[in-house]
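Report on the structure given below.
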Amino acid sequence: MIEIDKVLKRLGVQANNSGVSTGLKCIEGSGDILESFSPVDGRKIAGVSSADGDDYELVIKKAQDAFGKWKLIPSPARGEIVRQMGEQFRLYKQDLGTLVSYEMGKSLQEGLGEVQEMIDICDFAVGLSRQLYGLTMHSERVNHRMYEQWHPLGVVGIISAFNFPVAVWSWNAMLALVCGNVCVWKPSEKTPLAALACQNIIRKVLEQSEVPEGVSSVMIGGKDLGELLAGDTRIALVSATGSTRMGKSVAETVGRRLGRSLLELGGNNAVIVTPSADLKIAIPGIVFGAVGTAGQRCTSTRRVIIHTDIFEEVKGKLIGAYRQLRIGNPLDENVHVGPLIDKAAVKSYEDATKRIQEAGGTLLTEYAVLSGPGFESGCYVVPCIAVVENHFPIVQQETFAPILYLIPYTDLEEAIALQNAVPQGLSSAIFTLNVRESEAFLSQVGSDCGIANVNIGTSGAEIGGAFGGEKETGGGRESGSDSWKAYMRRQTSTINYGESLPLAQGIKFEIE
Ligand code: UN1
């Protein structure tokens, strides 16, 4: 078994940690001591001194000062620093992946996968640092040149969730940094140690590159810190990942000051299974999507919309697959499903199973909270499947737990309508071998989600694409493609190199 204490030591996590870091310096937070418990075995891993209002002020002042210097460094030179961070993440992949798994509860494979996403986004950001392209336009005026360029925004606040405790920060931070911004990260208070470990990993690079203090800071604390970021006019962009409720509050506060926000909120992702689907790939795709990370991804598969001709067959195969699932310590590589993050999450799983039945749904598999040896933390639940109707209130909301809803359909138009008939719009998928069906699903009258996949599941998006969703998912796009534009301001410039002053739109304005 992995020796957690050695992993913590190599990552610089101690029994008591300073919860504020400006990249170069660790500062004892003056707020409450926050304790991080592992949902794997219930052990208290370590304590962290959280940031209070004064610590917040200090971090933001350092960040502002740092921005003045960081933005003057050429973007490819900033990219070189991000490249070195990626190298460090490669070196610490095993340890950081293990800590993510132990502190958050996802399987070790998924913990390592998360760190791989960090490495990949670093590589992406390095290339991007030489490709922050603006367009040139043809001016309608003679001897004029018109073009656009992209400038950094300033201080970027990053609020991240427990379920991807490190990768989501890196998607934001690595892009923001090459774009010339500085970052202040408020990670979930449920996973502070993984965040502090990241900060320890990049510190060496920051020191050796002689970057100013405050380029990449972290502050550990609760929702009050998030509210400070949202309301602070010095924060040019607030990028927030979490529940729709949290996102609405951030959006309102940031909107009131006409600031910018980038929101990555709840999903309610469906897979459509058509009569021609290749069930050899559909079943594992659905099961991984539903039980991976114990159903706590924003991209987790929550609903399966199945054609009535194959409903019984798919249902039977899913029940068979669920019987094979091994639940237990996520650090054991033979285990498929680890614990939920905490007892509050277990309660919402239990409440959901009740509400399904009250609404008239049928639970098809065992649903239970596990106890006994190996399950002492009280956070382990059995993934379950239920037949429901799409309009049930419990089905309309995102429950961060491994509960999979089956819904029958008779024609594709109906299936797409059902898939879209939820408030969220993050990820979606169709399993079909029929090109007409897949193209309809991908067309403008198809899926209304930010992600629409064919013959793969709803989760596990690659970093190269723009990641995010519509409706109550918040509309933000992070990670690949041209998501970097959210971290920069666009400036359009028109230059007159002639000897007269022609006005646009042919307007004449003559004075002696
Ligand atoms: C999230 O759950 O907040 O697509 C992010 C995926 C991962 C990221 C999920 N690459 O499942």
Side-chain angles (χ1 to χ4, degrees), residues 89 97 100-101 103-107 109-124 158-175 185-188 190-191 194-195 239-247 250 262-271 284-302 337-338 340-341 345 398-402 404 424-429 447 449-454 456-470 472-481 483:
F89 291 130
V100 164
S101 172
E103 190 179 33
M104 182 274 160
K106 64 174 69 176
S107 77
Q109 282 301 312
E110 293 178 84
L112 295 172
E114 180 166 352
V115 183
Q116 188 58 47
E117 285 198 46
M118 304 174 80
I119 295 167
D120 294 341
I121 199 75
C122 286
D123 285 355
F124 181 90
I158 303 168
I159 300 172
S160 64
F162 76 86
N163 63 336
F164 274 79
V166 291
V168 170
W169 162 70
S170 70
W171 295 353
N172 284 281
M174 298 309 149
L175 260 55
W185 179 18
K186 193 213 90 62
S188 164
K190 295 175 184 172
T191 51
S239 174
T241 304
S243 67
T244 293
R245 203 174 58 176
M246 178 280 297
V250 167
L262 196 172
L263 302 173
E264 207 63 77
L265 312 174
N268 193 346
N269 318 299
V271 169
I286 294 164
V287 177
F288 175 72
V291 310
T293 324
Q296 299 170 104
R297 291 193 192 205
C298 53
T299 52
S300 290
T301 305
R302 312 230 170 263
V337 188
L340 291 175
I341 183 68
E398 179 188 49
T399 304
F400 244 35
L404 185 63
Q424 310 82 354
L426 179 53
S427 187
S428 59
S447 164
C449 291
I451 297 172
N453 293 332
V454 176
I456 63 165
T458 58
S459 69
E462 299 179 23
I463 62 101
F467 181 84
E470 303 303 329
E472 284 196 356
T473 304
R477 292 295 184 278
E478 287 174 348
S479 182
S481 184
S483 304

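One-based numbering, in listed order, for ligands and for the atoms of each.
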(request) Give the C-alpha distance, both sets of side-chain angles, the deciding distance and a yes or no for side-chain contact (heavy atoms from CB on, under 4.5 Å) between S483 and F467. (result) CA-CA 8 Å; S483 304; F467 181 84; over 6 Å; no

(message) For T458, give me all partners under side chain to side chain contact (heavy atoms under 4.5 Å, CB included), at least two apart in sequence or on another chain.
(response) N269, V271, T301, S427, A429

(message) Testing T241, I158, N163, I159 one by one against V168 for a side-chain contact (heavy atoms from CB on, under 4.5 Å), which residue passes?
(response) T241

(message) I'd like to know if R245 pairs up with E472 as an ion pair, taking the criterion as any Lys NZ or Arg NE/NH1/NH2 lying under 4.0 Å from an Asp or Glu carboxylate oxygen.
(response) no

(message) What's the separation between atom CZ in R297 and atom CZ in F400, rounded to the nearest 0.5 Å?
(response) 10.5 Å

With the criterion set at N/O pairs under 3.5 Å, what does the list of contacts between the protein and ligand 1 look like, atom names and distances included?
unit_1, atom_1, unit_2, atom_2, d
ligand 1, 2 (O), N163, ND2, 3.2
ligand 1, 2 (O), C298, N, 2.8
ligand 1, 4 (O), G460, N, 3.2
ligand 1, 4 (O), A461, N, 2.7
ligand 1, 10 (N), E117, OE2, 3.0
ligand 1, 10 (N), A461, O, 3.2
ligand 1, 11 (O), R297, NH1, 2.9
ligand 1, 11 (O), T299, OG1, 2.7
ligand 1, 11 (O), G460, N, 2.8

(request) Classify the ring geometry between F89 and W169 as parallel (under 30°), tilted (30 to 60°) or perpendicular (over 60°). (result) perpendicular

